[in-house]
Amino acid sequence: MTPILALNGITKRFGAFTALDDVGFTIRPGEAVGLIGPNGAGKTTLFNIITGFLRADAGSVRFADRTIDTVAPARRVALGLARTFQTAMVFPGLTARENIAMAVRRRAGDGLRWFGGASGTDAASRLLDDAGLAHRADTLLRDMSHGERRIVDALMPLALSPRVLLLDEPTAGLTRAEGERLLDILRRQHAGTALLLVAHDVDIVLGHCDRVVVMELGRVIRIGTPAEVRDDAEVRRAYLGSPGGC
Amino acid sequence: MIRVIAAAAVVALFADDYLLRFLAEILLFGVAVMSLDILIGFGGLMSLGHAALFGGAAYAAAIVARQWGGDLVLMLGTGMATGLVLAAVMGVVVLRSGQLFLLIMTLLLAQMLWEVAFHWRDVTGGADGLRGLPALSLGPWALSGARALFLVAVPLAVVAFLVARSFIAAPIGRALVGTREEPIRMTALGYSLFAVRFRAMMVAGAMAGAAGALLPFVNQYVGPQSVHWTLSATLVIMLVIGGIGSLWGGFIGSAVYLGIQTYLSAYTDRWQLLVGLVFVLTVLLLPNGVAGGVRRWRS
Ligand SMILES: Nc1ncnc2c1ncn2[C@@H]1O[C@H](COP(=O)(O)OP(=O)(O)O)[C@@H](O)[C@H]1O
Ligand SMILES: [Mg+2]
């Protein structure tokens with residue numbers, strides 16, 4: 001199957017510091033790929049390049065058989081590439097329903113309509129319902145708990161029905177149970193959406209992903225199935241710590 | 001709404017010319033402040049050049065009126081077109097930049113218009129401004145008296161308010177609030193920040209332009225101070241006093257400010273001290289302005 005997302009030779013420097021060095025891998029449609037590596041490995045920087053928030057110094061991003069290096073971030077979303085951020089990016093002064101409806105309307109091509117009321121609230125309610133947050137639909141995001149905010153944060157790009165969804169530590173700050181629940185929701189909602197998942201909790205990544213990419217200091221050091229990665233000596237040394245750790 | 005119309009009718013019947021003219025001015029300024037609220041309150045776009053849209057439209061209407069007469073439809077069309085064009089220019093220049101730059105750029109662009117108004121004597125009357133305008137008219141009717149002007153200003157204010165409210169409630173208005181709340185998220189949802197903000201700018205421009213077009217007829221004069229940056233600052237002060245993010249607070253703010261200016265300046269030329277005091281007290285005691293205070297008191 002042709003990949004939906006293909007990275008080739010991505011290199012990014014911040015001054016003299018090389019944050020990404022010749023990074024390349026592919027994601028197939030519907031596949032869940034985990035991305036792990038210690039802090040500073042370059043995971044967030046890679047996300048920013050894939051989604052167009054940063055420009056790479058070298059290399060290219062292909063999405064659905066099209067090179068998108070010069071496509072603006074908002075346009076990439078329209079093509080089917082959605083993301084979350086390492087810190088929750090929500091609209092604090094809007095309710096949970098309004099937060100998600102913003103994405104629903106964009107998806108329906110209704111985001112800039114001049115007249116008539118705001119649509120998308122029904123679909124937003126359904127998504128919240130599904131995520132077990134129906135009772136919080138009318139709560140302002142600023143009044144929600146960290147965990148709830150994280151869920152709304154992840155539901156927003158999901159409401160775009162993207163073809164690839166990039167999740168940058170969506171489970172950060174959540175308990176193991178909350179994290180598992182969030183990923184269950186994500187997987188259940190959209191079996192057809194390919195995922196690129198960054199998480200600190202390696203077990204969550206290994207448990208939910210079809211393949212895992214391991215990065216260290218801006219380089220990909222290993223790509224394999226969860227089982228292969230778990231048993232890889234170099235990965236253990238670089239990231240997973242001593243045998244039996246994590 | 002019915003109460004507003006009833007109140008306006010009573011006022012129109014019993015108020016004297018001086019008061020009617022003053023109320024009409026409050027309403028026109030209120031519309032301008034409300035349009036600024038769309039940018040600042042709902043879009044988080046801090047503009048210090050709003051007088052350019054309001055006063056620029058006033059100049060355009062006055063110039064056109066001297067040439068072709070003061071037909072109301074022509075005046076409103078001229079004002080809105082001027083507001084739209086100026087807002088479009090401003091939008092293209094400033095909307096891709098950060099907050100501080102936006103503040104400075106709107107200020108500078110507006111001052112450029114002031115330079116034009118001040119120095120292009122043949123067209124704008126220079127420092128003297130333009131006087132001796134024909135009366136406003138609608139078809140065969142002359143709308144020359146204070147009462148007629150008031151009765152034009154009321155529906156303009158009502159329509160402007162309804163348009164503003166509908167804009168804010170529509171998807172485009174929600175998107176504008178989204179760009180204020182978390183612009184990066186909006187981009188990541190596929191919204192073009194520029195597209196959203198530019199539309200808000202256009203609505204604000206058309207609205208301020210429509211109100212500005214009638215200003216020369218209410219004041220029987222238009223001069224360079226109507227495009228000066230201090231008027232832009234005055235509109236911001238009115239907005240803060242009335243209540244940012246409430247739309248109708250703009251009318252309160254303009255009433256308070258113009259009230260102090262009109263009635264106190266007869267006794268002292270230090271009336272701006274009182275405006276300053278009211279401003280500071282509002283910020284300290286009513287962080288969301290008079291409108292916010294009313295909302296809190298009601299709930
Ligand atoms: N805008 C930037 N300017 C300079 N250095 C940066 C910038 N963004 C990231 N870095 C550096 O690049 C490296 C990779 O960062 P990041 O992509 O955030 O890693 P990760 O998400 O894997 O923790 C880090 O050393 C970080 O300090
Ligand atoms: Mg990171």
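Every chain is numbered from 1 and lettered A, B, ... according to where its sequence line falls, protein lines coming before strand lines.
Looking only at side-chain heavy atoms (C-beta outward), Leu112(A) and Val196(B) come within less than 4.5 Å of each other. Arg199(B) has its side chain within reach of Trp114(A): a pair of non-hydrogen atoms, C-beta onward, lies under 4.5 Å apart. Contact of the Ile172(B) side chain with the Arg113(A) side chain is not registered, since no non-hydrogen atoms from C-beta on lie closer than 4.5 Å. Side-chain atoms of Arg174(B) and Leu94(A), non-hydrogen and from C-beta on, do get closer than 4.5 Å to each other.
Among Arg83(A), Arg105(A), Met102(A), the residue with the largest count of heavy-atom pairs under 4.5 Å with chain B is Met102(A). Most heavy-atom pairs under 4.5 Å with chain A, from the set Gly178(B), Ser192(B), Ser166(B): that is Gly178(B). Residue with the most contacts toward chain A among Val177(B), Val203(B), Ile184(B), Leu193(B): Ile184(B) (heavy-atom pairs, distance under 4.5 Å). Of the listed residues (Pro171(B), Ala188(B), Gly190(B)), the greatest number of heavy-atom pairs within a distance under 4.5 Å of chain A belongs to Pro171(B).
When all heavy atoms of Leu189(B) and Ala103(A) are compared, the closest pair comes out as CD2-CB, 3.8 Å.
Interface remark: Ala169(B) contributes backbone atoms only to the contact with chain A (heavy atom separation under 4.5 Å). Proximity to chain B (any heavy atom under 4.5 Å) is restricted, for Leu160(A), to the side chain, taken from C-beta onward.
Looking at Glu182(B), its side chain never comes within 3.5 Å of a backbone N or O of Met89(A) through a donor-acceptor pair. A donor-acceptor distance shorter than 3.5 angstrom exists from the side chain of Arg185(B) to the backbone of Asp153(A), with no hydrogens or angles considered.
With a 6.0 Å radius and a threshold of 12 heavy atoms from other residues, nucleotides or ligands, Arg163(A) has its CZ atom at or below the threshold.
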